[in-house]
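Here is how names work: the chains are called A, B, and so on, in the same order as the sequence lines, proteins then strands, and each is numbered from 1.
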There are 2 protein chains.
Amino acid sequence: MDVGERVKKVGIREVAKHAGVSIGAVSRILNNRDADKFPEATRDRVHVAAHELGYRPNMLARGLRTSRTHTVGLVTDMIATTPYASGIAAAAQEVAQENGVLLFLVNTGGSGTIETNAVDALLAQQVDGFIFATMSYREVDVPERLPTDTVLVNCVPRSGHYRVVVPDDYGGAHTAMRYLVEAGHRRIAFVDTDEKDPDPLASQLRFAGYRDVLHEAGIPFDENLVVEGRSDSFGGRAAVDRLLTLPAQTRPTAVFCFNDRMAAGAYIAARRHGMQVPADLSIVGYDDQALIAAEIDPGLTTVALPHHAMGRLAMKMLLGIDEPHEESLMKLECPLIVRESVRPLTQP
Amino acid sequence: MDVGERVKKVGIREVAKHAGVSIGAVSRILNNRDADKFPEATRDRVHVAAHELGYRPNMLARGLRTSRTHTVGLVTDMIATTPYASGIAAAAQEVAQENGVLLFLVNTGGSGTIETNAVDALLAQQVDGFIFATMSYREVDVPERLPTDTVLVNCVPRSGHYRVVVPDDYGGAHTAMRYLVEAGHRRIAFVDTDEKDPDPLASQLRFAGYRDVLHEAGIPFDENLVVEGRSDSFGGRAAVDRLLTLPAQTRPTAVFCFNDRMAAGAYIAARRHGMQVPADLSIVGYDDQALIAAEIDPGLTTVALPHHAMGRLAMKMLLGIDEPHEESLMKLECPLIVRESVRPLTQP
DNA sequence: TTGAAAGCGCTAACAC
DNA sequence: GTGTTAGCGCTTTCAA
């Protein structure tokens with residue numbers, strides 16, 4: 001298909017001939033393996049020859065010989081249309097690149113068979129390691145044959161022992177709720193997702209943070225203030241709509257939403273009820289979702305998910321850089337991003 | 001680092017011994033290379049042995065021998081936080097998977113040196129081919145050493161000849177504008193991006209569609225109705241804000257926005273001016289951006305970018321499936337997605 | 001200080 | 001029908 005423009009493959013052999021040394025010498029000099037034992041003249045000749053010929057080592061051959069391919073596999077259950085966690089992959093790739101490692105990316109869409117096949121294919125390519133990441137923070141059945149030195153991101157294994165990198169959702173929710181309580185809010189609703197199928201750790205932890213802050217602040221828990229809906233703006237809107245039809249005395253002054261999409265729905269519901277955000281209703285989200293949180297009006301105060309940090313850390317752990325992490329469970333902070341959707345409440 | 005649980009590598013040799021045949025026979029039987037010349041009994045023995053031993057071919061060795069690795073490299077300028085075009089990568093990966101090919105993903109962030117290094121690294125891994133994709137539709141300087149059989153997605157090469165897959169932005173804009181004109185609008189604004197740095201083909205083509213429909217409909221072009229801003233909701237809001245302070249007679253009844261983020265800003269501006277969408281202002285976006293277009297209130301009528309289709313097609317072209325595409329420039333349709341942000345205008 | 005040679009696991013050409 | 005063998009391009013041990 002090509003018109004022969006693909007340069008005739010130059011291998012170590014041509015370099016050796018060109019430099020007038022043996023191929024063994026070339027290999028050792030180019031790889032700095034006791035290269036200092038060669039006189040500088042020889043080393044230069046080799047380097048020059050390699051450069052002139054445009055020599056590029058064949059990583060297949062090297063990998064076959066050394067059984068290290070400088071490739072890693074990242075398998076995720078991410079779905080095409082979900083920009084959610086693509087930051088994880090991007091960050092992992094970034095670190096890989098910084099270390100001369102190439103990343104195989106496989107999207108399984110969550111299918112177990114595809115996962116297994118992907119792992120097998122990757123294993124056949126002799127990858128040096130795996131990262132297994134999920135879109136939402138949950139418990140997972142780890143695919144068969146996934147090596148035990150794999151790093152899991154955004155999920156915990158239902159069985160077996162792996163290194164794991166997860167967001168501190170409990171802490172994030174706790175911070176957000178304290179922010180609301182300290183702003184004087186006492187009737188705070190929790191707008192949860194109703195998608196409880198694959199053990200939704202995120203939802204549980206965020207709810208726990210909600211409940212505990214209430215308790216710590218001596219605010220009685222009111223189950224009427226916990227509502228559920230689909231985890232998108234429609235679900236958020238419907239759920240908050242229900243909240244806002246409550247009698248004025250029991251109606252919340254603030255809502256803490258499971259995620260930013262639901263929070264966006266909360267804005268819509270509030271508007272439909274003739275309420276201003278944050279004047280009449282304060283709203284806090286979760287995720288710091290690009291294209292939503294910052295761009296909505298008014299800017300949404302929310303908790304950021306450390307996708308980038310998780311991706312980077314996972315790859316570093318896998319590549320064995322930055323050793324200090326002896327923990328095998330890394331919980332990363334979810335910082336509160338303060339924008340304009342919460343207003344301090346003067347105590348009634 | 002592992003506790004030796006990594007099963008002792010079983011190669012073709014063990015399978016041969018186990019089945020009582022030679023390694024050549026195993027290779028040919030397992031690869032169906034004139035496997036029919038072997039009696040069924042032998043073939044079975046080999047298959048059984050391979051299965052029992054959990055044999056997995058080493059793709060490095062195979063690749064070294066056959067010089068086909070069943071891997072392809074996808075290099076993009078995508079930025080971590082931009083979910084924009086991740087659909088391209090997901091779709092490409094999907095097709096790769098369907099064909100037993102593994103995808104190397106490299107994010108360059110647009111840096112030329114990183115691009116070049118990525119291409120070299122990928123070449124060293126002996127990938128079978130490349131896809132080069134950009135986040136926004138524009139002209140690009142193709143990285144050095146990128147093979148000429150690479151498929152470009154969402155961009156056209158400034159020089160050289162490559163197969164290219166791009167969205168039909170002119171057509172999309174044309175469709176959207178006709179929709180507006182047919183709804184009776186005559187004062188239609190174009191809210192363009194002001195980011196003209198890397199030749200913004202998208203912007204040029206969408207503007208051309210805008211201008212041409214106006215002309216075809218006999219509507220005079222009014223330069224006051226073309227405004228620019230940053231291509232996010234803030235820019236859209238500011239630009240539309242300017243539009244809405246125009247005197248009532250010249251104020252637009254509809255705005256066609258460069259993208260959905262700007263359209264979201266247009267909603268905000270309208271609201272701030274006490275106007276309803278679409279009652280007082282009709283809005284059309286571009287991109288059909290996930291998490292925005294469908295979830296905003298009211299739902300945004302917009303033009304969808306065929307990211308998924310582009311990714312699939314590009315990979316198919318690269319892998320040589322679906323041959324009928326003799327064209328080397330594939331322009332993919334951008335369908336209009338009708339939601340609720342446009343209202344028919346009764347002619348004044 | 002350098003070269004020769006033995007493989008890494010596989011495929012393909014050639015024997016038998 | 002099946003076995004043998006020569007590499008693919010590289011690293012690495014052992015000799016010289």
Side-chain angles (χ1 to χ4, degrees), chain A residues 6-47 49-50 53-71 121 123-128, chain B residues 6-47 49-50 53-71 121 123-128:
Chain A
R6 210 153 201 151
V7 193
K8 192 194 310 135
K9 270 294 164 199
V10 19
I12 204 176
R13 200 196 319 282
E14 283 77 67
V15 177
K17 192 176 305 168
H18 205 84
V21 295
S22 76
I23 66 173
V26 173
S27 174
R28 275 176 295 160
I29 289 172
L30 258 24
N31 294 314
N32 270 328
R33 173 129 9 254
D34 31 64
D36 45 352
K37 292 193 173 166
F38 291 86
E40 197 166 329
T42 312
R43 283 184 295 174
D44 283 355
R45 276 210 319 280
V46 170
H47 280 123
L53 298 175
Y55 168 74
R56 308 256 122 217
N58 180 325
M59 297 304 280
L60 292 189
R62 177 181 301 187
L64 187 57
R65 191 60 240 262
T66 62
S67 52
R68 302 217 64 232
T69 53
H70 302 275
T71 61
L123 246 14
Q125 291 285 352
Q126 316 295 119
V127 295
D128 293 337
Chain B
R6 211 150 198 152
V7 193
K8 192 194 309 137
K9 272 290 165 200
V10 18
I12 205 176
R13 202 197 317 283
E14 283 77 68
V15 177
K17 192 176 305 168
H18 205 83
V21 294
S22 76
I23 66 171
V26 173
S27 175
R28 274 174 296 159
I29 288 172
L30 258 23
N31 293 314
N32 270 326
R33 175 135 3 258
D34 37 57
D36 46 352
K37 292 193 174 167
F38 292 86
E40 197 166 329
T42 312
R43 284 185 293 174
D44 284 354
R45 275 209 319 279
V46 170
H47 280 124
L53 298 174
Y55 168 75
R56 310 253 122 217
N58 181 325
M59 298 303 282
L60 293 190
R62 177 182 301 184
L64 187 57
R65 191 62 240 262
T66 61
S67 55
R68 301 218 63 231
T69 54
H70 303 275
T71 61
L123 246 15
Q125 290 284 352
Q126 316 294 120
V127 294
D128 293 337

Straight-line distance of [X] [atom1] to [Y] [atom2], nearest 0.5 Å:
{"X": "A/Glu40", "Y": "A/Thr42", "atom1": "CD", "atom2": "OG1", "value": "10.0 Å"}
{"X": "A/Asp128", "Y": "A/Arg68", "atom1": "CG", "atom2": "CZ", "value": "4.0 Å"}
{"X": "A/Gln125", "Y": "A/Leu60", "atom1": "CD", "atom2": "CG", "value": "8.0 Å"}
{"X": "A/Leu53", "Y": "A/Lys17", "atom1": "CG", "atom2": "NZ", "value": "10.5 Å"}

Tell me the interatomic distance from [X], atom [atom1], to [N], atom [atom2], rounded to whole angstroms.
{"X": "B/Asn58", "N": "C/dG9", "atom1": "CG", "atom2": "C1'", "answer": "6 Å"}
{"X": "A/Gln125", "N": "C/dG9", "atom1": "CD", "atom2": "C1'", "answer": "14 Å"}
{"X": "B/Leu30", "N": "C/dT11", "atom1": "CG", "atom2": "P", "answer": "8 Å"}
{"X": "B/Arg62", "N": "C/dA12", "atom1": "CZ", "atom2": "C1'", "answer": "13 Å"}
{"X": "B/Leu64", "N": "C/dG9", "atom1": "CG", "atom2": "C1'", "answer": "9 Å"}
{"X": "B/Lys37", "N": "C/dC16", "atom1": "NZ", "atom2": "P", "answer": "17 Å"}

*How far apart are the closest heavy atoms of B/His70 and B/Met59, and which atoms are they?*
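Shortest heavy-atom separation between B/His70 and B/Met59 comes out as CD2-CE, 3.7 Å.
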*B/Ala49 and B/His18: which non-hydrogen atoms are nearest, and at how many Å?*
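Closest approach of B/Ala49 to B/His18, heavy atoms only: CB-CD2, 3.7 Å.
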*NA contact type, B/Ser67, heavy-atom cut-off 4.0 Å: base, sugar-phosphate, or nothing?*
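Counting heavy atoms under 4.0 Å across all strands, no contact is made by B/Ser67.
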*With sugar-phosphate meaning primed atoms plus P, OP1 and OP2, does A/Thr66 contact a base, only sugar-phosphate, or nothing at under 4.0 Å between heavy atoms?*
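The residue A/Thr66 makes sugar-phosphate contact but no base contact.
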Could you go over nucleotides 13-15 of chain C and give all protein N or O partners under 3.5 Å, atom names and distances?
none

*asked:* Using the rule given for side chain to side chain contact (heavy atoms under 4.5 Å, CB included), can you reason through B/Lys9 versus A/Gln126, listing the C-alpha separation, both sets of side-chain angles and the distance that settles it, and then say yes or no?
replied: CA-CA 11 Å; B/Lys9 272 290 165 200; A/Gln126 316 295 119; 4.2 Å; yes
*asked:* Donor-acceptor check, side chain of B/His47 to backbone of B/Arg43, threshold 3.5 angstrom: yes or no?
replied: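 Present.
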*Is A/Arg56 reaching over with its side chain to a backbone N or O of B/Ala124, donor-acceptor style, under 3.5 angstrom?*
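It does not hold such a pair.
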*Just to confirm, is there a sub-4.0 Å distance from OP1 or OP2 of C/dG9 to any side-chain nitrogen or oxygen of B/Arg65?*
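Checking C/dG9 against B/Arg65, no side-chain N or O comes under 4.0 Å of OP1 or OP2.
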*Earliest and latest nucleotide of DNA chain D, 5' to 3', sitting under 4.0 Å from a non-hydrogen atom of chain A?*
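So the contact region on DNA chain D extends D/dC8 to D/dT12.
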*Report the residue from B/Pro57, B/Ser22, B/Ser27 that forms a side-chain contact (heavy atoms from CB on, under 4.5 Å) with B/Ile12.*
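Exactly one candidate clears the test, B/Ser27.
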*Along DNA chain C (nearest heavy atom to each residue), the more 5'-positioned of A/Ile23 and A/Pro39*: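 It is A/Pro39, whose closest nucleotide lies nearer the 5' terminus.
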_Which residues in residues 13-21 of chain A have a heavy atom closer than 4.0 Å to any atom of DNA chain D?_
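The answer is A/Arg13.
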*Apply side chain to side chain contact (heavy atoms under 4.5 Å, CB included) to A/Leu30 and A/Tyr55, showing your working.*
CA-CA 10 Å; A/Leu30 258 24; A/Tyr55 168 74; 3.7 Å; yes
*A/Arg56 or B/Ser22: which one's nearest nucleotide on DNA chain D is closer to the 5' end?*
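Looking at the nearest nucleotide for each, B/Ser22 comes out on the 5' side.
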